[in-house]
Protein chains: 4
Amino acid sequence: MGISERKLREKESRIKQIRDSGAALFYKKGYVATTIEDIAAAAEISKGTIYLYFKSKDDLYYSLVEPSLDKLSKKLIKIAGMKEIDPEVRIKNVVDATYEFYDKDPDAYHLVSRYEASIFSNLLSRDKLDHLKDLMRSNLNQLEIVISDGVIQGRFRKLDPRMTSIIIWNTFMGIIQFQENRLEEGKTDYRRTTIDGAVEIILRGIRKR
Amino acid sequence: MGISERKLREKESRIKQIRDSGAALFYKKGYVATTIEDIAAAAEISKGTIYLYFKSKDDLYYSLVEPSLDKLSKKLIKIAGMKEIDPEVRIKNVVDATYEFYDKDPDAYHLVSRYEASIFSNLLSRDKLDHLKDLMRSNLNQLEIVISDGVIQGRFRKLDPRMTSIIIWNTFMGIIQFQENRLEEGKTDYRRTTIDGAVEIILRGIRKR
Amino acid sequence: MGISERKLREKESRIKQIRDSGAALFYKKGYVATTIEDIAAAAEISKGTIYLYFKSKDDLYYSLVEPSLDKLSKKLIKIAGMKEIDPEVRIKNVVDATYEFYDKDPDAYHLVSRYEASIFSNLLSRDKLDHLKDLMRSNLNQLEIVISDGVIQGRFRKLDPRMTSIIIWNTFMGIIQFQENRLEEGKTDYRRTTIDGAVEIILRGIRKR
Amino acid sequence: MGISERKLREKESRIKQIRDSGAALFYKKGYVATTIEDIAAAAEISKGTIYLYFKSKDDLYYSLVEPSLDKLSKKLIKIAGMKEIDPEVRIKNVVDATYEFYDKDPDAYHLVSRYEASIFSNLLSRDKLDHLKDLMRSNLNQLEIVISDGVIQGRFRKLDPRMTSIIIWNTFMGIIQFQENRLEEGKTDYRRTTIDGAVEIILRGIRKR
DNA sequence: CATGAATGAGTCTTCATTCAT
DNA sequence: TATGAATGAAGACTCATTCAT
């Protein structure tokens, strides 16, 4: 019993090693430029071992992107659904949740934010592709719902909720990407504060006075 | 002389063919997934000819990205430098200029916006890499200058100009990317209007009342 | 003109090199055990060159088997169709034609005689697979027609033409295979005489007295 | 002792499982296309276990082919040796024995009939290779002996016993292969009757009148 | 200059074999 | 003994780059 437990633990840790190395490399170099050999080396295992746990390179990639997207998606749906809460607060909550997701698992976040449908269109089945697209869309939809609520409740100006959600979403992604580059160059970490500043500006921009 | 002129013209047109095909393909499929064969076929020349004009695949890519970045950069520097003009108008002008750049040469724009330093850090020399980074930074700097002016002139609230420029810049990039995806799915073209809406929201968010 | 002609000749000779090496190796070691590297080495070219002329390993194999089978097939159809000729003579003619085919292009013959549908069922499209099967069947059918004619004309005993054609066909294949083994061991070449002896025995066995 | 007996029994049954699965798979898919994993799965044991009982994949294959060949060989030697029996009857007996061998253990038969020296020349030692060749030859030799007896006794025409044995042997192999293909396509089972028909024709062809 | 055939290093993937438990 | 995870050599195939014409 102890043995089988340990085996299970080891197997899971092996999978985790592969997933972690894969996520980090896919994020750093992109799908095409990352080789299975790279991932194996980073995980300190052999090439073959990866194929014990993942059917193929794109299977590994999909298995990284999908649950991450799914997790974030579920989180945002929950937050956006709290109709009783003030829309401004809900927007902040969405941003907080996304930042927390990013903070806890940056590689997963990057896979999500860097996801490019075009790369996958040749690799994944129609089903999987549509599923990923749906998840991506869902995140934006949640923001849209909250903004829409705010407009209806007269808290926000009469503006296009769709457009506004796009602005917020891409501002978030862009800021993270930008501040990370600065971080790499040894500069101070302004990620969280820049995000907060951006939210402040945008809320001010959409708020009804 | 007539002959050598024609030769020159032909040579230049040959180079243009390669550059145009390269830009379009690099944008559509990404650097790694684009093959020299692809580009040669699109340019209706032979593979070997590309190597007459470009040292290597990454040389071609660099030669596409650099002038595009440079061109946009110069444009923005000019606009941002018009200190006599109202900061809000200058911000709008920066956005207009960027949009015009995008509209006239979408492939060049995409090369710029999709440029990923990480991919090139292994391919390009330190010099070239730094140069590209500088150009990228310059664009943000111009926005920063304008916002800074606005803050000093008391037209904008006291906010971090750097942060604000990041917000504007990434909102632009994100909206283009997003609306292009929707365009591909056959939906109405909301690129320009979404951009305008976003600028409106942000200006409202940073304006001093 | 002279140049393009030479180029064409060189290209054809390159293809011939690959085909010849491929046929010889596929015959000697079987489809699975033969590697593209093997074939390239035998043809004294590089791996990549093979892929300039053939889409894949199984494409090369198919391109070797199909025309060979087709050629033999057509030959036998022609001979079997000569209804005015004595059935015994026609059987001999079929055997002669098959032997001539073998003698002129042993590798092609071996590809045909060693063809195993099971190997291909996973590699080839339904169309191609059916086509090969049809060709294989056709050869037997021609023998069957001749024997059938002989039975109807009262020259042969009342026996199953299908069964008899199978006997003749497999005797031929078996004898070639067997005598080649002996030949390899340095023994005298009895291929043709054994074939003739076998035909003699079988004709005697089916002839009506 | 009861325990060690059980252990022995289990061990033998384990080996049998491996051998049976191996024979079936080697026959169905060929040596190269059959994986150790396949065999282990079919035998419902683990990959490692196979290596407890067999040194390598080719060792397993050899250990399957050799005894099968040996068994058939011994059987035919016995029958062919019955000098007091009529040669025609002995030929029939040889065919019957071969058919019975095939009928009882088709996989073993196929291993024998599909055995291809060329594949093994790289894998097996000279000794083993020669041994297999000897066994293969022996079968033909037995037929040759019987036919030779028939010629001497004046029952058969003056023909080459070697050649005649080759004809008979290969007719048998060819017919089985051919009729099995037809069987797979759902057609009636004509294996035994075709064999009998073939023997009838050949005997008639070699009989002295 | 232009061509495109040829090259071979590099990529994904499979599988015989080993070995710690 | 039995297991099955791990290994890494080997194979099919791609593509940037070179070079003879």
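Residue numbers start from 1 in every chain, and the chains themselves are labelled A, B, ... in the order their sequence lines are given, proteins ahead of strands. Every heavy atom of this structure was used, including side-chain atoms; hydrogens, water molecules and symmetry mates were not. The structure presented is a predicted model; accordingly, all values stated were derived computationally and were not measured.
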Just to be sure I understand the rule, does [X] reach a base, reach only the sugar-phosphate, or reach nothing, if contact means heavy atoms closer than 4.0 Å?
X: A:Tyr53; result: sugar-phosphate
X: A:Leu52; result: base
X: C:Lys47; result: base

Select one nucleotide: of E:dA6, E:dC12, F:dG8, the one nearest the side-chain heavy atoms of A:Thr35.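 Of the options given, the side chain of A:Thr35 lies nearest E:dC12.
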I want to confirm an ordering. Mapping A:Gly48 and B:Glu44 to their closest nucleotides on DNA chain E, which one lands closer to the 5' end? B:Glu44
Would you say [X] places a side-chain N or O within less than 4.0 Å of OP1 or OP2 belonging to [N]?
X: C:Arg14; N: E:dA6; result: yes
X: D:Thr49; N: F:dT3; result: yes
X: D:Tyr51; N: E:dT17; result: yes

Whole angstroms only, please: what is the [atom1]-[atom2] distance between [X] and [N]?
X: A:Lys57; N: F:dT14; atom1: NZ; atom2: C1'; value: 13 Å
X: D:Phe54; N: E:dT18; atom1: CZ; atom2: C1'; value: 18 Å
X: C:Tyr31; N: F:dG11; atom1: OH; atom2: P; value: 14 Å
X: A:Gln17; N: F:dT7; atom1: CD; atom2: P; value: 10 Å
X: A:Leu60; N: E:dC12; atom1: CG; atom2: P; value: 11 Å
X: C:Glu37; N: F:dC13; atom1: CD; atom2: C1'; value: 12 Å
X: B:Ile50; N: F:dC15; atom1: CD1; atom2: P; value: 14 Å
X: D:Ile39; N: E:dT17; atom1: CD1; atom2: P; value: 11 Å

Indicate the atoms forming the closest heavy-atom contact of B:Leu25 with B:Ala42, along with that distance.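 Heavy atoms of B:Leu25 and B:Ala42 come nearest at CD1-CB, 4.0 Å.
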Which heavy atom of A:Pro67 sits nearest to which heavy atom of A:Arg19, and what is that distance? CG-NH2, 4.2 Å
Taking the six-membered ring of C:Tyr31 as reference, does the NZ or CZ atom of C:Lys57 fall below 6.0 Å from its centre and within a 45° cone about the axis?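 Here C:Lys57 passes the 6.0 Å and 45° test against C:Tyr31.
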Contact between C:Tyr62 and C:Lys55 at the side-chain level, heavy atoms closer than 4.5 Å - yes or no?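 Side-chain contact under 4.5 Å: no.
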Given that B:Ala33 and C:Ile36 both sit by DNA chain F, which one's nearest nucleotide is further toward the 5' end?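 Closest to the 5' end, via its nearest nucleotide, is C:Ile36.
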Criterion side chain to side chain contact (heavy atoms under 4.5 Å, CB included) on C:Asp127 and C:His131, from CA distance to verdict: CA-CA 6 Å; C:Asp127 284 1; C:His131 178 56; over 6 Å; no
Let me test you: for the helix from E:dA2-F:dT21 to E:dT21-F:dA2, what is the angle between the axes at its two ends (five pairs each), rounded to 10 degrees? 10°
Any side-chain to backbone donor/acceptor pair from A:Asp38 onto A:Thr35? Under 3.5 Å, distance only. yes
Whether D:Phe26 and D:Tyr61 hold their rings parallel, tilted or perpendicular, with breakpoints at 30° and 60°: perpendicular
